[in-house]
Undergrad: 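Dumping the structure here so I can ask a few things about it.
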Amino acid sequence: MFEPSSGRGRRHGTSRSEPFDRWFRYPAGFASDYASLLLQQLRLPTAGLVVDPFTGSGVAGTAARRVGHAFYGVEAHPLIAELAALKLDRTSEDPNGLLATARELTLQAITTRADIDISVEADLTLRSFDPETLATLVSLRDLIRAMQAHEWHLHLKWALLATLRDVASVRVGWPYQRPGSQRQPTFADPLPRFLQRIAWMVEDIREFEANYSASPACRVRQGDSREAMNWSELGHGTAHGCVTSPPYLNNFDYADATRLELYFWGDVTSWSQMCAEVRSDMLTATTQQSSVGAASDARTLLQTYGTVGTEISEIADRLQKERGNRSRGKEYDRVVPDYFVAIARIMENLSTVLAPGAPAVLLVGDSAPYGVYVDTPGLIAKLAKCQGFTLEEDVILRHRGQRWASNATRHNVQLAERLVLLRRD
């Protein structure tokens, strides 16, 4: 039923070229052509309400808006939630004003960058750019910061943040920043690249206003989708469908992936602050988030989910044994219970806001830490059944993990990315 024409295996999430997606290429998002295809296949009513508990940079939201649906999303990462809300915001301003403002800022940056003291910047920032480039970036940043009341402030901010990795002189690709590994910047001068990104924004806004201005409202709430209060804006049974892609159990740290942007803008100045202010509301999907207390509480809660809870606990037991066989084993056994209890809570919230008979489609991959197979899509479907859903389809979209085939210490379990279609009872 579901077979996208492109995007299969697209690396690092969102598209480099699709309107709105190209504003910032967040690695945790799923491909826009997947989202568009799924929405079409779900056959939702005209101007229906689509929800997404893992909104990320708003790919599902922009896809829903293109086909005339309303959208409500929840995203825990505060910086990425801001981006998603910006992309889905309706502006009454002429986007020509954005381009004119950006051009004026670049001229000001040229005249002020010689006076910039880059020595006060975060160590990661200092190590990621050559001094002249960094002075230009900081000059632009300070000028944009000073105009927070300006109607185009956030657009300017995100055009600059999206420029950082384009002009870095070290390897800062997804998912890891490696400031000790030099590279030739993709673009030598940040100012033309910044203006190019502004031009894309202007083009996308114009195209939207010309063709989709009558589309229903789209909203993004920053917060933890496990918490019922973050769904309180919606009445019971008011949503017509859900399209989402939960974090995979692949030990990817979604907060750390944006450390360069967080440090550069000054949202956080230390690892501990990032953990407290950015990662704290995010679903546990990496060993760096795990804790003994949270895992113990999750183990207790799993007992309330019957046989699927027992199945998840047994997987955690096997992972704990495998960790004990290694001198520096990672705490996958702590991540798994916490992850699935969180998913169960989110499915409970979805069950409340989705109308009877409404579809929920999830794009998610399985995993095999230390060779212990975790059927993430299948387990999510079983947990969803506990919350009032019926499984209709479980389809393999692509096999994954082949790029690690040469690693002799890696497991040989065949992994896949799958599409799970659920139906609210």
Undergrad: Look only at the side chain of Ser280 and the backbone of Glu277, and say whether a donor-acceptor pair between them is shorter than 3.5 Å.
TA: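 No, because the side chain of Ser280 does not come within donor-acceptor range (under 3.5 Å) of the backbone of Glu277.
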
Undergrad: Here's one to test your reading of the geometry: is the NZ or CZ of Arg141 within 45 degrees of the ring axis of Phe264 and under 6.0 Å from its centre?
TA: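 Flagged: Arg141 positioned over aromatic ring of Phe264.
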
Undergrad: Would you compute the distance between atom CG of Leu421 and atom CG of Leu363 and round it to the nearest 0.5 angstrom?
TA: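 If I round to the nearest 0.5 Å, the distance is 12.5 Å.
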
Undergrad: How about Leu195 and Leu191: do any of their side-chain heavy atoms sit closer than 4.5 Å?
TA: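 The answer is no, as the side chains (C-beta and beyond) never meet within the 4.5 Å cut-off.
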
Undergrad: Decide side chain to side chain contact (heavy atoms under 4.5 Å, CB included) for Leu283 and Ile343; before the verdict, give the C-alpha distance in whole Å, the side-chain angles of both, and the deciding distance to 0.1 Å.
TA: CA-CA 8 Å; Leu283 181 146; Ile343 291 289; 3.9 Å; yes

Undergrad: Will you find, in the side chains of Asp204 and Trp23, an N or O donor that is under 3.5 Å from an N or O acceptor?
TA: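 Yes, Trp23 and Asp204 have a side-chain donor paired with an acceptor closer than 3.5 Å.
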
Undergrad: If you look at every heavy atom in Leu262 and Ala255, which pair is closest and at what distance?
TA: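 Looks like CD1-O, 4.1 Å.
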
Undergrad: With side chains defined as the heavy atoms from C-beta onward, is the minimum distance between Pro359 and Leu422 less than 4.5 Å?
TA: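 No, side chains not in contact.
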
Undergrad: Judged by modelled atom types alone, do Tyr332 and Glu322 share a side-chain donor-acceptor pair under 3.5 Å?
TA: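 Tyr332 vs Glu322: no donor-acceptor pair found between side chains.
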
Undergrad: If we only count heavy atoms from C-beta on, is the Ser351 to Phe389 side-chain gap below 4.5 Å?
TA: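 Yes, at least one pair of side-chain atoms sits under 4.5 Å.
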
Undergrad: Would you kindly say whether Ser169 and Arg183 are connected by a side-chain donor-acceptor distance under 3.5 Å?
TA: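 The answer is no; no qualifying pair exists.
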
Undergrad: So which of Leu134, Thr136, Val138 actually passes side-chain contact (heavy atoms from CB on, under 4.5 Å) with Phe129?
TA: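 Considering Leu134, Thr136, Val138, a side-chain contact (heavy atoms from CB on, under 4.5 Å) with Phe129 is found only for Leu134.
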
Undergrad: Distance-only, no hydrogens or angles: does the Thr352 side chain make a donor-acceptor pair with backbone N or O of Glu348 under 3.5 Å?
TA: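 Checking the backbone N and O of Glu348 against the side chain of Thr352, a donor-acceptor pair under 3.5 Å is found.
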
Undergrad: Just by modelled atom types, is the Gly97 backbone N or O under 3.5 Å from a matching donor or acceptor in the Asp94 side chain?
TA: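 Here the side-chain-to-backbone pair does not exist.
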
Undergrad: Donor-acceptor check, side chain of Asn230 to backbone of Asp224, threshold 3.5 angstrom: yes or no?
TA: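 Judged by distance alone, yes, a pair lies under 3.5 Å.
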
Undergrad: Looking only at heavy atoms, what is the nearest atom pair of Val364 and Pro247, with distance?
TA: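 In terms of heavy atoms, the two residues are closest at CG2-O, 4.5 Å.
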
Undergrad: Identify the residue among Asp317, Val341, Asp338 that makes a side-chain contact (heavy atoms from CB on, under 4.5 Å) with Arg299.
TA: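 Single pass found, and it is Asp317.
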
Undergrad: Search all heavy atoms of Ile80 against all heavy atoms of Ser57 and return the closest pair with its distance.
TA: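 Heavy atoms of Ile80 and Ser57 come nearest at CG2-N, 3.6 Å.
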
Undergrad: Does the pair Leu379 and Val374 meet the rule for a side chain to side chain contact (heavy atoms under 4.5 Å, CB included), with working shown?
TA: CA-CA 8 Å; Leu379 292 169; Val374 184; 4.2 Å; yes

Undergrad: Under the 3.5 angstrom rule, does the side chain of Ser139 hit a backbone N or O of Ala135 as a donor-acceptor pair?
TA: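 It does not hold such a pair.
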
Undergrad: Just so I know, are the side chains of Val170 and Ser181 near enough to count as touching, which here means a heavy-atom distance under 4.5 Å?
TA: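 In short, these two side chains do not touch, never coming nearer than 4.5 Å.
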
Undergrad: Might you work through the salt bridge (Lys or Arg N to Asp or Glu O under 4.0 Å) test for Arg259 and Asp253, ending with a clear yes or no?
TA: CA-CA 10 Å; Arg259 186 156 44 108; Asp253 190 333; over 6 Å; no

Undergrad: Take Glu121 and Arg127 through the test salt bridge (Lys or Arg N to Asp or Glu O under 4.0 Å) and record every step on the way to the result.
TA: CA-CA 10 Å; Glu121 298 298 312; Arg127 297 174 65 192; over 6 Å; no

Undergrad: Can you name the closest pair of heavy atoms from Ala63 and Ala35 and give their distance?
TA: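 Between these two residues, the closest heavy atoms are CB-CB, 3.9 Å.
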
Undergrad: Measuring from Asn349:CG to Met229:CE, what's the distance to the nearest 0.5 Å?
TA: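 One gets 11.0 Å once the value is rounded to the nearest 0.5 Å.
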
Undergrad: Measuring only between side-chain heavy atoms, which start at C-beta, is Val361 closer than 4.5 Å to Val420?
TA: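 Side-chain contact under 4.5 Å: no.
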
Undergrad: Which atoms form the tightest heavy-atom contact between Ala122 and Tyr263, and what is the distance?
TA: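 Residues Ala122 and Tyr263, closest heavy atoms: CB-CD2, 3.7 Å.
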
Undergrad: Is the terminal nitrogen or CZ of Arg221 (NZ for Lys, CZ for Arg) located under 6.0 angstrom from the six-membered ring centre of Tyr72 and within 45° of that ring's axis?
TA: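 Relative to the ring axis of Tyr72, which defines the angle, Arg221 lies outside at least one limit.
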
Undergrad: Can you tell me which residue among Leu137, Leu140, Asp142 is in a side-chain contact (heavy atoms from CB on, under 4.5 Å) with Ile116?
TA: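 Between Ile116 and the candidates, side-chain contact (heavy atoms from CB on, under 4.5 Å) is satisfied uniquely by Asp142.
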
Undergrad: Quick one: do Thr376 and Tyr339 satisfy side chain to side chain contact (heavy atoms under 4.5 Å, CB included)? Show the steps, please.
TA: CA-CA 10 Å; Thr376 308; Tyr339 174 89; 3.6 Å; yes

Undergrad: Go through the steps to decide whether Arg25 and Asp166 satisfy the test salt bridge (Lys or Arg N to Asp or Glu O under 4.0 Å), and finish with yes or no.
TA: CA-CA 11 Å; Arg25 194 161 159 262; Asp166 295 337; over 6 Å; no

Undergrad: Answer yes or no: is there a donor N or O on one side and an acceptor on the other, between the side chain of His240 and the main chain of Leu49, under 3.5 Å?
TA: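 Checking the backbone N and O of Leu49 against the side chain of His240, a donor-acceptor pair under 3.5 Å is found.
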
Undergrad: Go through the steps to decide whether Arg197 and Trp158 satisfy the test side chain to side chain contact (heavy atoms under 4.5 Å, CB included), and finish with yes or no.
TA: CA-CA 9 Å; Arg197 290 194 168 278; Trp158 276 100; over 6 Å; no

Undergrad: Is the charged tip of Arg145 near the ring of Trp265: under 6.0 Å from the six-membered ring centre and within 45° of its axis?
TA: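 Geometry flag: set, cation within 6.0 Å and 45°.
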
Undergrad: Are Thr269 and Gln273 close enough that a side-chain donor and a side-chain acceptor fall under 3.5 Å?
TA: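 Thr269 vs Gln273: donor-acceptor pair found between side chains.
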
Undergrad: State, with a plain yes or no, whether a side-chain heavy atom of Phe54 is found less than 4.5 Å away from one of Ile346.
TA: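 The answer is yes; the side chains approach within 4.5 Å.
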
Undergrad: Let me know which of His153, His150, His155 forms a side-chain contact (heavy atoms from CB on, under 4.5 Å) with Ile144.
TA: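 Looking at His153, His150, His155, the match for Ile144 under the side-chain contact (heavy atoms from CB on, under 4.5 Å) is His153.
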
Undergrad: Is the shortest side-chain heavy-atom distance between Phe208 and Lys87 below 4.5 Å?
TA: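 Counting from C-beta outward, Phe208 and Lys87 never come under 4.5 Å.
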
Undergrad: Any side-chain heavy-atom pair from Phe71 and Thr55 closer than 4.5 angstrom?
TA: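 Yes. Closest side-chain heavy atoms under 4.5 Å.
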
Undergrad: Evaluate salt bridge (Lys or Arg N to Asp or Glu O under 4.0 Å) for Arg193 paired with Asp189, printing each intermediate quantity in order.
TA: CA-CA 7 Å; Arg193 185 58 172 169; Asp189 188 342; over 6 Å; no

Undergrad: Search all heavy atoms of Ser119 against all heavy atoms of Leu126 and return the closest pair with its distance.
TA: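 Taking every non-hydrogen atom into account, O-CD1, 4.1 Å.
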
Undergrad: With the threshold set at 4.0 Å, does a side-chain nitrogen-carboxylate oxygen contact exist between Asp375 and Lys382?
TA: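 Here Asp375 does not pair with Lys382 in a salt bridge, since their nearest N and O are not under 4.0 Å apart.
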
Undergrad: Does Tyr370 use its side chain to pair, donor to acceptor, with the backbone of Lys330 at less than 3.5 Å?
TA: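 Yes; judged by distance alone, with no hydrogens or angles, the pair exists.
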
Undergrad: Salt bridge between Arg66 and Glu207, side-chain N to carboxylate O under 4.0 Å?
TA: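 No.
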
Undergrad: Is there a donor-acceptor pair under 3.5 Å between the side chain of Glu75 and the backbone N or O of His77?
TA: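 Side chain of Glu75 to backbone of His77, a donor-acceptor pair under 3.5 Å: yes, one is there.
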
Undergrad: Between Ser225 (side chain) and Pro53 (backbone), is there a donor-acceptor pair under 3.5 Å?
TA: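 Answer holds: yes.
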
Undergrad: Is the number of heavy atoms from other residues, nucleotides or ligands under 6.0 Å of Glu132 CD greater than 12?
TA: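 Not buried by this count: 12 neighbours or fewer within 6.0 Å.
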
Undergrad: Can you tell me how far CG of Leu164 sits from CZ of Phe194, rounded to the nearest 0.5 angstrom?
TA: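 Nearest 0.5 Å value for the CZ-CG distance: 11.0 Å.
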
Undergrad: Between His69 and Val50, is there a donor-acceptor pair closer than 3.5 Å when you use the side chain of the first and the backbone of the second?
TA: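 The answer is no, because no donor-acceptor pair under 3.5 Å joins these two groups.
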
Undergrad: Can you tell me how far OG1 of Thr101 sits from CD1 of Ile198, rounded to the nearest 0.5 angstrom?
TA: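 Spacing of CD1 (Ile198) from OG1 (Thr101) equals 9.0 Å.
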
